[in-house]
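This report concerns only the one structure given below.
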Amino acid sequence: MKKIAVFASGNGSNFQAIHDAVESGKLRAEIKLLVCDRPGAFVVERARKAGVPVLEFSPKQYASKVEFETMLHEELQNNHVDYIVLAGYMRLIGSVLLENYPEKIINIHPSLLPAFPGVDAIGQAVAAGVKVTGVTIHFVDEGMDTGPIIAQKALEIQDGSTEDEVAQQVHKIEHEFYPETLDKLFEGK
């Protein structure tokens, strides 16, 4: 069974979906740690309520990304973490973690990459008037949403859909698709 650390920065709905899938047996993994770079984010409350150990930190407390990623790497090693699973972690991963977890850092993105990388992908898709968007799960590299794609799932945007409506549909896909894809990846499928 793979041991994972979930990295998140905000509300934590994808963290919750991953946790629920672990608890129900749909995702054969163990969440060893929640890492949050925004102390006080709601995801911290979710993790504590679920009994998942939490590491909260503020990057501003460190002189550099290398310094805080070195601290994170030590914590991940202490917890015997196999994979880092990003779930709304709003920070680019740096060299320390990339070098120590090659093809073991996974991200979910609310578009069909390579379309609409970066922040506000749903807003970008709606503003562009595309008819299809979706969800991409990919390995993390040094770029912004540029790593090798693991899986994608499309969503047809209905005419007249608002950004909020599209966001709700995308999140519904994410909450099912991410745990399913992680389970297949961890099981070598």
Side-chain angles (χ1 to χ4, degrees), residues 2 4-29 31 34-38 41-43 46 83-94 97-98 101-189:
K2 300 300 181 193
I4 64 173
V6 178
F7 283 38
S9 299
N11 180 41
S13 65
N14 274 311
F15 165 81
Q16 190 69 55
I18 291 165
H19 175 266
D20 292 351
V22 167
E23 289 296 303
S24 71
K26 292 179 182 174
L27 172 53
R28 291 161 285 190
I31 303 174
L34 169 77
V35 174
C36 182
D37 64 332
R38 292 189 183 156
F42 188 65
V43 68
R46 287 181 189 262
Y83 283 87
I84 297 170
V85 176
L86 306 183
Y89 185 69
M90 302 306 289
R91 186 168 302 285
L92 286 174
I93 300 296
L97 293 179
L98 288 170
Y101 286 89
E103 293 198 2
K104 300 263 174 130
I105 305 173
I106 303 155
N107 188 38
I108 188 165
H109 185 75
S111 77
L112 295 176
L113 292 172
F116 311 115
V119 297
D120 195 28
I122 295 169
Q124 292 178 58
V126 172
V130 297
K131 298 295 181 194
V132 177
T133 191
V135 173
T136 301
I137 298 167
H138 65 95
F139 289 112
V140 174
D141 64 11
E142 62 283 340
M144 173 76 72
D145 299 320
T146 57
I149 293 171
I150 299 167
Q152 292 182 308
K153 192 164 205 166
L155 168 68
E156 186 177 336
I157 298 176
Q158 302 301 314
D159 288 339
S161 292
T162 67
E163 185 176 334
D164 285 343
E165 290 168 337
V166 174
Q168 287 177 4
Q169 293 171 321
V170 166
H171 293 311
K172 185 175 183 207
I173 291 170
E174 286 179 340
H175 298 161
E176 295 172 8
F177 188 51
Y178 206 10
E180 288 171 6
T181 302
L182 290 170
D183 190 64
K184 287 177 186 174
L185 178 70
F186 297 159
E187 295 298 313
K189 297 177 185 173

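A quick note: this is a predicted structure, and the numbers were derived from the prediction, not measured.
- Under the 4.5 Å side-chain criterion, counting only non-hydrogen atoms from C-beta, Phe116 is in contact with Val130.
- With sequence neighbours left out, Phe7 forms a ring pair (Phe, Tyr, Trp, His ring centres under 6.0 Å) with Tyr89.
- For the pair His138 and Asp145, the tightest heavy-atom approach, listed with the atom from each and the gap, is NE2-OD1, 3.5 Å.
- Put simply, the side chain of Glu165 does not reach to within 4.5 Å of the side chain of Gln158, judged on heavy atoms.
- No side-chain heavy atom of His19 sits under 4.5 Å from any side-chain heavy atom of Leu27.
- Taking every heavy atom of both residues into account, Cys36 and Val43 meet most closely at SG-CG1, 3.9 Å.
- Thr181 contributes atom OG1, which lies 9.5 Å from atom CD1 of Ile106 (distance to the nearest 0.5 angstrom).
- A distance of 14.0 Å separates CG of Leu86 from CZ of Phe15, quoted to the nearest 0.5 Å.
- Note that OG1 of Thr136 and CD of Glu174 are 10.0 Å apart. Values are rounded to the nearest 0.5 Å.
- The distance from atom CG of Asp141 to atom OG1 of Thr146, rounded to the nearest 0.5 Å, is 3.0 Å.
- The structure places CG of Leu92 at 12.0 Å from CG of Leu97, a figure rounded to the nearest 0.5 Å.
- Using modelled atom types, no side-chain atom of Glu163 and backbone atom of Ile122 make a donor-acceptor pair closer than 3.5 Å.
- Val166 and Ser161 get closest at one heavy-atom pair: CG2-CB, 3.8 Å.
- Here the CD1 atom belonging to Ile137 is positioned 4.5 Å from the CZ atom belonging to Phe177, to the nearest 0.5 angstrom.
- The closest donor-acceptor contact from the side chain of Ser111 to the backbone of Ala121 lies at 3.5 Å or more, if one exists at all.
- Judged purely by atom type and a 3.5 angstrom limit, Thr133 has no side-chain atom pairing as donor or acceptor with the backbone of Ala125.
- Judged purely by atom type and a 3.5 angstrom limit, His175 has no side-chain atom pairing as donor or acceptor with the backbone of Gln16.
- Side-chain N/O atoms of His171 and Gln168 include no donor and acceptor closer than 3.5 Å.
- Looking at heavy atoms from C-beta onward, Phe139 lies in side-chain contact with Leu185 at the 4.5 angstrom threshold.
- Between the side chain of Gln124 and the backbone N or O of Val119 there is at least one donor-acceptor pair closer than 3.5 Å.
- For Arg46 (side chain) and Asn11 (main-chain N/O), a donor-acceptor pair under 3.5 Å exists by modelled atom type.
- Distance alone, capped at 3.5 Å, is enough to place a donor-acceptor pair between the Asp183 side chain and the Arg28 backbone.
- Looking at every heavy atom in both residues, Val170 comes nearest to Pro110 through CG1-CB, 3.7 Å.
- Taking 4.5 Å as the limit, some side-chain heavy atom of Val85 sits within range of a side-chain heavy atom of Tyr178.
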*Output, in order, the C-alpha distance, side-chain angles, deciding distance and verdict of side chain to side chain contact (heavy atoms under 4.5 Å, CB included) for Leu155 and Val135.*
CA-CA 8 Å; Leu155 168 68; Val135 173; over 6 Å; no

_Show, in sequence, the C-alpha distance, side-chain angles and deciding distance for Ile4 and Phe186, and conclude whether the side chain to side chain contact (heavy atoms under 4.5 Å, CB included) test is met._
CA-CA 10 Å; Ile4 64 173; Phe186 297 159; 3.6 Å; yes

